Amino acid sequence: MKKWLIGFILLVLLGGGGYFLVKSGGIVYYETLRMGNQSSGYFGKKSVLLEDQEQLEQIFLDLEEQLENQDFHVLAFSINNRRINLVIQDPKQPTYFDNYNYDGTNFVSKWKKGDPYKVEAGTESLPFDELSAAGLYSFYQQITAYLVAGNYDLDDDFLIQITVAISDRTSDPYLQSYVSGLREDFRFKADLSGNNFESERD
C-alpha cells in the first residue's frame, strides 16, 4: 500500500476519533475570555475532579509520590472541578513553601510546582494527610444537592470552589465554599470529613 494512502487513512481515523471525542464530551472547549461576540479559550479534556472520588484519591497519591512520600504540611488549599491549587511546605526545607497546581483539563494532567511562596509570621498550616478526598467529594455532593433541591439560578459557567479554612489551632480546620447565584448568594461549611454540613444564605 502506498505511503500517501496509509497517511490519508491515519489522518481520517485521527480526525474521526477527535470528532467523536468532541461530540461525546471527551474534549471540551474552555472559554477563558469573552468580549462581545469574540471568544478565546482552549480545548482540553473534560474534567470533573470533585465528581470522581477514586480519581481524586489517586491525584492525592500522585502528589505524595512526587514529594517522595514524606510527610508535609499545606498552608492553603482550593479545588474546583477543573483545578487544584495549594501551597506546600517543603518537607526537606521546612522554612520553604511553594505553590503547586493540578490542571485536570490538560490532556496529560500532572502536578506542577509553581513559584515560591513567602510566608508571614504566625501563619498556620495543616498536615496534608488530614485532607480527605472522600470529605471533599461528600461536601461537593451536599452543596450540589442543596442547590438542585432549591432550584437556584446559577450562571451557566458556574464552578463550585471549595477551600480549606486553616485558622489558628484554637479552632479546627474546615471546608468552606461561597456560591454567588444570579439572585441569591450562599455559604457552605463542613468539617474535613464532609460531616456537620451547614448552609447559610447571604
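If you're wondering where the values come from, they're calculated on a predicted model, not measured in any experiment. Heavy-atom basis, side chains included; hydrogens, waters and symmetry copies ignored.
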Report the distance from atom [atom1] of [X] to atom [atom2] of [Y], rounding to the nearest 0.5 Å.
X    : Y    : atom1 : atom2 : answer
L147 : D153 : CG    : CG    : 11.0 Å
L136 : F77  : CG    : CZ    : 5.0 Å
D103 : R83  : CG    : CZ    : 4.0 Å

Can you find a pair of side-chain heavy atoms, one from [X] and one from [Y], that are under 4.5 Å apart?
X    : Y    : result
I88  : Y117 : no
I166 : H73  : no
F188 : I162 : no
V164 : L175 : yes
L56  : Y102 : no
I160 : T144 : yes
Q55  : L49  : yes
Y140 : I79  : no

task: Under the ring-ring contact (aromatic ring centres under 6.0 Å, His included) rule, collect the residues that match up with F72, sequence neighbours excluded.
output: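 ring-ring contact (aromatic ring centres under 6.0 Å, His included) check on F72 returns F128.
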task: Check the hydrophobic clustering (I, L, V, M, F, W, Y; side-chain heavy atoms under 4.5 Å; chains of links allowed) and say if W111 and F97 are grouped together.
output: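 Each belongs to a different hydrophobic cluster.
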task: Decide side-chain contact (heavy atoms from CB on, under 4.5 Å) for D202 and Y178; before the verdict, give the C-alpha distance in whole Å, the side-chain angles of both, and the deciding distance to 0.1 Å.
output: CA-CA 10 Å; D202 276 0; Y178 175 77; 3.1 Å; yes
task: Can you establish whether the number of heavy atoms outside D62 located under 6.0 Å from its atom CG is more than 12?
output: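 Correct, the count exceeds 12.
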- prompt: Can you tell me if CD on Q70 sees more than 12 non-hydrogen neighbours from other groups inside 6.0 Å?
  reply: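 It does: Q70 CD has more than 12 such atoms within range.
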query: Can you name the closest pair of heavy atoms from S138 and S193 and give their distance?
result: CB-O, 4.5 Å
- prompt: Which pairs with one or both residues in residues 86-100 pass side-chain hydrogen bond (donor to acceptor under 3.5 Å, both in side chains), sequence neighbours excluded?
  reply: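 Only E68-K92 qualify under side-chain hydrogen bond (donor to acceptor under 3.5 Å, both in side chains).
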Does one side chain, of [X] or [Y], offer a donor that lies under 3.5 Å from an acceptor on the other?
X   : Y    : answer
Q58 : E54  : no
N80 : Q161 : yes
N81 : S47  : no

query: Counting N and O atoms only, with roles assigned by atom type, does the side chain of E184 sit under 3.5 Å from a partner on the main chain of Y152, one being a donor and the other an acceptor?
result: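 Here the side-chain-to-backbone pair does not exist.
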- request: Using the ring-ring contact (aromatic ring centres under 6.0 Å, His included) rule, pick out the option among Y30, F107, Y29 that qualifies with F43.
  value: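 For F43, the ring-ring contact (aromatic ring centres under 6.0 Å, His included) test succeeds with only one of Y30, F107, Y29, which is Y29.
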